[in-house]
Protein chains: 2
Amino acid sequence: MPDQPVPTVPLDPARFDDPDCAASPAQPFRVGDKWTGMVLRCLEDGTPRRFTELRVPLHWITPKVLTETLRSMERNGFVTRTVHDENPPRVEYTLTPLGRSLIGPLDTACDWARAHAPAITEARASYEQGSPVA
Amino acid sequence: MPDQPVPTVPLDPARFDDPDCAASPAQPFRVGDKWTGMVLRCLEDGTPRRFTELRVPLHWITPKVLTETLRSMERNGFVTRTVHDENPPRVEYTLTPLGRSLIGPLDTACDWARAHAPAITEARASYEQGSPVA
DNA sequence: CAGTATCCTAGGAGATACTG
DNA sequence: CAGTATCTCCTAGGATACTG
């Protein structure tokens, strides 16, 4: 859960004129893995959540994958991992301000998806229609 | 290029109370593949672009991958593929209104990335610091 | 409880070559 | 020019154990 090896043209406007446009190998930070967004959702209300507790709404994601996701988020500064010295152990995860700042963009994306889902479904249907036939 | 097999908890707020929260297996539409965003960038100014022309700012992406990306975008209704009956063949790609509607969210994400890149870099540095040591 | 440790697989993506 | 057709590789991510 990657600091993904990263694309070339960063998502900045593309240049067709510059012959050497490959020049700007910026390093975007990908949050596009499968689980990060959902973990964000799980923590957005501000309540600290425990490891196992997080697995529930994530449909019993395997511990390995959840650990990887959480570690990557921690490393990127999106979540804080707090170990309470008790027995049995209790570890809680919370969003940092940086992590919380991601919620806006996430909402924007989700809103877009919700708003245009019908259009996409329709586009797919007519594509399926057209391709096999014509 | 995928209609990706999709996650469970859609990116809607997560539910911890509902024991059967796995119930809503919504089908988000992922645009998170490696190239779609960048193709969007290549077409956002409205100018129709040709297949080979697109390869340039995409750092000579292989034809196979570009085709897959473009097909998926076409199927989702993001781009239009126009074949001009000439010889040699000329095919042009343009954004549809639906495709263009994605630019807003894309910008939002890019703006976030640009704004917080330093914070992330810093977080990573101090994580690298803390982990091996402590 | 909160994780490791292993093993395994699907499929995104690159390289290379060929065609209408 | 605008693509197919093949092959191959990598790795995200799942399944199944085991442990401090």
Side-chain angles (χ1 to χ4, degrees), chain A residues 1-9 16 22 25 29-39 42-43 48-56 58-76 79-94 131, chain B residues 1-9 16 22 25 29-39 42-43 48-56 58-76 79-94 131:
Chain A
M1 257 40 358
D3 306 319
Q4 254 113 351
V6 166
T8 49
V9 175
F16 291 89
F29 301 93
R30 246 185 109 168
V31 191
D33 65 284
K34 186 168 182 178
W35 299 104
T36 297
M38 290 189 268
V39 170
C42 291
L43 297 176
R49 304 285 185 184
R50 308 177 61 166
F51 190 86
T52 305
E53 189 179 6
L54 284 171
R55 295 184 64 198
V56 178
L58 298 178
H59 217 170
W60 295 100
I61 176 179
T62 42
K64 181 202 161 211
V65 174
L66 181 55
T67 300
E68 288 170 350
T69 304
L70 252 13
R71 285 281 189 284
S72 130
M73 292 179 74
E74 196 192 350
R75 180 170 128 78
N76 285 333
V79 299
T80 302
R81 178 172 179 275
T82 312
V83 183
H84 300 264
D85 201 356
E86 307 174 1
N87 196 303
R90 185 159 59 95
V91 178
E92 290 185 323
Y93 293 89
T94 324
S131 275
Chain B
M1 298 161 257
D3 307 319
Q4 253 111 352
V6 168
T8 50
V9 175
F16 292 88
F29 301 94
R30 246 184 110 168
V31 190
D33 65 285
K34 185 168 183 179
W35 299 106
T36 297
M38 289 190 268
V39 169
C42 291
L43 297 175
R49 303 285 184 183
R50 307 177 62 165
F51 189 86
T52 305
E53 189 180 6
L54 285 172
R55 296 184 63 196
V56 178
L58 298 178
H59 217 169
W60 296 100
I61 176 179
T62 45
K64 179 201 161 210
V65 174
L66 181 56
T67 301
E68 288 169 350
T69 304
L70 253 12
R71 285 281 188 283
S72 129
M73 294 180 73
E74 196 192 348
R75 179 170 126 78
N76 284 334
V79 299
T80 302
R81 179 172 179 273
T82 312
V83 183
H84 299 264
D85 201 357
E86 305 173 4
N87 196 302
R90 186 161 58 97
V91 178
E92 289 185 323
Y93 293 90
T94 324
S131 275

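In the text below, chain A, chain B and the rest are named by the order of the sequence lines, each starting its count at 1.
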When you look for runs of 3 or more Watson-Crick or G-U pairs in a row, both distances below 3.5 Å, which of them include DNA chain D? C:1-20 with D:1-20
Set out, line by line, the N/O atom pairs under 3.5 Å between protein and nucleotides 1-4 of chain C.
unit_1	atom_1	unit_2	atom_2	d
C:dC1	O3'	A:R50	NH2	2.9
C:dC1	O3'	A:P89	O	3.2
C:dA2	OP1	A:R50	NE	2.9
C:dA2	OP1	A:R50	NH2	3.2
C:dA2	OP1	A:V91	N	3.2
C:dA2	OP2	A:T52	N	3.3
C:dA2	OP2	A:T52	OG1	3.1
C:dG3	OP1	A:R81	NE	3.3
C:dG3	OP1	A:R81	NH2	2.5
C:dG3	OP2	A:Y93	OH	2.7
C:dT4	OP1	A:R71	NH2	2.4

Nearest-angstrom distance from the residue atom CD of B:E86 to C1' of C:dG20: 16 Å
By salt bridge (charged side-chain N to carboxylate O under 4.0 Å, His left out), which residues pair with A:E74, not counting sequence neighbours? none
Distance, rounded to the nearest Å, where B:H59 contributes NE2 and C:dA13 contributes P: 17 Å
Indicate whether OP1 or OP2 belonging to D:dG14 is found under 4.0 Å from a side-chain N or O atom of A:W35. yes
With sequence neighbours excluded, residues passing side chain to side chain donor-acceptor pair (under 3.5 Å) with A:R49: A:D45, A:E53
So, does A:S72 use its side chain to make a donor-acceptor pair with the main chain of A:E68 at under 3.5 Å? no
Write down the distance between NZ (A:K34) and P (C:dG12), rounded to a whole number of angstrom. 12 Å
Only one of B:L58, B:L54, B:L66 clears side chain to side chain contact (heavy atoms under 4.5 Å, CB included) with B:W35; which? B:L58
Sequence neighbours left out, what passes side-chain contact (heavy atoms from CB on, under 4.5 Å) with A:T80? Give chain and number order. A:T82, A:T96
Sorted by chain and number, sequence neighbours left out, side chain to side chain donor-acceptor pair (under 3.5 Å) with A:R71 holds for none
Applying salt bridge (charged side-chain N to carboxylate O under 4.0 Å, His left out), can you list everything that pairs with A:R50, at least two apart in sequence or on another chain? none
Distance in angstrom units between A:N87 CG and D:dT19 P, rounded: 18 Å
For A:P89, give me all partners under side-chain contact (heavy atoms from CB on, under 4.5 Å), at least two apart in sequence or on another chain. none
Length of the CD-P vector between B:E68 and C:dG11, whole Å: 13 Å
Round to the nearest Å and state the distance from A:M38 atom CE to D:dA12 atom C1'. 13 Å
